[in-house]
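Since we're looking at a predicted model, the values are computed, not measured. Both ligands and their constituent atoms are indexed starting at 1 by order of listing.
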Amino acid sequence: MNTDPRESLMEASRQFYQLGWMAGTAGNLSARVEDGSFWITASGKQKGKLVADDFVRVSLTGELLETPNPENKPSAETSIHQAIYSCFAEARACYHVHSVEAKLVTNFVEGEKLPLPPIEMLKGLGVWEENPQVFMPVFHNHLQVPKIAQEISDRFHRETPQVPALLIRNHGVTVWANSAAEAENHVELAEYIFRYIVAARQVGIKF
Ligand SMILES: CSC[C@@H](O)[C@@H](O)C(=O)COP(=O)(O)O
Ligand SMILES: [Zn+2]
């Protein structure tokens with residue numbers, strides 16, 4: 001991967017903002033560099049107009065390594081990115097967005113996983129089966145973000161998720177991939193699936 005992925009992160013953020021998935025300051029994006037550290041959006045930046053100074057570089061253990069602007073603080077959800085990179089050594093990018101549909105679908109289930117419809121788009125998330133039975137992990141939206149990160153880490157060490165994506169209840173989706181381009185693709189596919197789930201419910205289709 002390119003040593004400085006910020007251009008890809010800014011481009012993805014602009015795109016997600018335009019789609020309504022990173023309204024205001026919502027969401028955070030990160031991508032790793034060769035030494036294992038990662039660039040992540042600084043906390044509280046407007047996601048529709050990020051510039052290269054709106055990022056920080058942190059280590060896998062959360063230590064601040066580089067900040068173009070001394071006032072930058074790492075995203076409040078950095079610990080979730082750390083958990084993902086620690087669980088999946090091959091992951092090179094981790095994107096988190098806040099669409100309306102990603103929040104809605106978490107209200108359709110009470111348990112820890114959301115059943116996904118057996119639609120073609122699942123192939124883009126790595127599921128190549130006929131009529132697959134696939135679930136996306138759902139986590140409680142604890143006020144203390146490190147607690148969410150710990151639960152992600154604990155669950156994923158016990159059980160590998162079927163898709164490279166997770167939901168936080170009434171909050172949003174987080175995806176990961178082995179490149180920034182693939183992470184962007186995963187966000188778009190996950191969001192398509194959430195729109196499908198909402199629409200299927202409206203017309204009474206069950207899966
Ligand atoms: C619009 S506030 C949303 C935040 O609480 C959080 O969930 C979020 O996604 C952005 O936090 P940030 O610290 O800017 O990375
Ligand atoms: Zn968030």
Side-chain angles (χ1 to χ4, degrees), residues 5-6 8-32 37-87 91 93-107 112 114 136-153 155-156 161 164-177 180 183-184 186-188 190-191 194:
R6 284 178 289 174
S8 304
L9 298 176
M10 288 185 277
E11 197 184 305
S13 189
R14 269 195 301 275
Q15 158 94 337
F16 297 151
Y17 171 80
Q18 280 163 9
L19 289 163
W21 303 343
M22 291 187 103
T25 61
N28 30 75
L29 307 181
S30 75
R32 290 178 99 174
S37 66
F38 57 94
W39 282 100
I40 185 164
T41 43
S43 188
K45 302 293 180 183
Q46 276 192 277
K47 302 308 189 308
K49 38 180 96 155
L50 290 179
V51 295
D53 282 0
D54 292 336
F55 292 82
V56 295
R57 189 166 64 84
V58 298
S59 71
L60 201 53
T61 51
E63 188 191 354
L64 183 61
L65 301 175
E66 198 173 339
T67 177
N69 175 342
E71 289 178 10
N72 285 355
K73 302 250 179 314
S75 161
E77 291 165 351
T78 300
S79 56
I80 293 177
H81 295 248
Q82 287 171 243
I84 294 301
Y85 292 132
S86 301
C87 287
C94 179
Y95 287 5
H96 163 65
V97 301
H98 281 214
S99 73
V100 170
E101 289 83 358
K103 291 177 178 62
L104 285 177
V105 296
T106 63
N107 290 282
E112 294 188 328
L114 175 76
M136 189 177 290
V138 180
F139 291 87
H140 183 77
N141 190 28
H142 296 288
L143 193 58
Q144 301 299 328
V145 178
K147 195 165 177 203
I148 308 175
Q150 188 61 52
E151 289 185 359
I152 291 170
S153 180
R155 200 187 312 176
F156 287 175
L166 65 88
L167 281 158
I168 304 173
R169 209 172 275 288
N170 285 322
H171 182 158
V173 69
T174 298
V175 309
W176 55 96
E184 191 168 339
H186 285 175
V187 171
E188 292 186 17
E191 290 296 344
F194 302 147

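- Taking the six-membered ring where the residue is Trp, the centroids of Phe156 and Trp176 are separated by under 6.0 Å.
- Taking 4.0 Å as the cut-off, Gly24 does not count as a neighbour of ligand 1 on heavy-atom distance.
- How far CD of Gln46 is from OG of Ser13: 10.5 Å, rounded to the nearest 0.5 Å.
- The atoms of ligand 1 that sit less than 4.0 Å from any heavy atom of Glu77 are 6 (C), 7 (O), 8 (C), 9 (O).
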Q.
If you apply the rule side-chain contact (heavy atoms from CB on, under 4.5 Å), what do you find for Thr25 with Lys47, and how did you get there?
A. CA-CA 5 Å; Thr25 61; Lys47 302 308 189 308; 4.3 Å; yes
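- Of all N, O or S atoms in His98, the one lying closest to the Zn ion (ligand 2) is NE2.
- Atom CD1 of Ile40 is separated from atom CD1 of Ile80 by 9.5 Å, given to the nearest 0.5 angstrom.
- Below 3.5 Å of separation, one finds an N or O of Gly27 facing an N or O of ligand 1.
- Put simply, the side chain of Leu64 reaches to within 4.5 Å of the side chain of Pro74, judged on heavy atoms.
- Between Glu191 and Phe16 the shortest side-chain heavy-atom distance does not fall below 4.5 Å.
- Among protein heavy atoms, atom 11 (O) of ligand 1 sits closest to Asn28 ND2, 3.8 Å.
- For ligand 1, the atoms closer than 4.0 angstrom to any heavy atom of Thr25 are 1 (C), 10 (C), 14 (O).
- Aromatic ring pairs are classed by plane angle as parallel below 30°, tilted from 30° to 60° and perpendicular above 60°; the pair His96 and His171 is perpendicular.
- With the Zn ion (ligand 2) as the vertex, NE2 (His96) and OE1 (Glu77) define an angle of 80°, rounded to 10°.
- For atom 13 (O) of ligand 1, the closest non-hydrogen atom of the protein is Ser43 OG, 2.6 Å.
- The structure places OG of Ser43 at 9.0 Å from NZ of Lys73, a figure rounded to the nearest 0.5 Å.
- Ligand 1 places these atoms under 4.0 Å from at least one heavy atom of Ser75: 12 (P), 13 (O), 15 (O).
- Annotation for ligand 1: atoms under 4.0 Å from non-hydrogen atoms of Ala76 are 12 (P), 13 (O), 15 (O).
- Interface atoms of ligand 1 facing His96, defined by a heavy-atom separation under 4.0 Å, are 9 (O).
- Annotation: Lys45 places no N or O atom under 3.5 Å from an N or O atom of ligand 1; distance criterion only.
- Heavy atoms of Lys47 approach ligand 1 to within less than 4.0 angstrom.
- Looking only at protein heavy atoms, the nearest one to atom 3 (C) of ligand 1 is His98 CE1, 3.7 Å.
- Nearest non-hydrogen protein atom to atom 14 (O) of ligand 1 is Gly44 N, 2.8 Å.
- A donor-acceptor pair under 3.5 Å is formed between the side chain of Gln82 and the backbone N or O of Leu60.
- Heavy-atom distances between Thr41 and ligand 1 stay at or above 4.0 Å for every pair.
- Using a 4.5 Å cut-off on side-chain heavy atoms (C-beta onward), Val173 and Trp21 make no contact.
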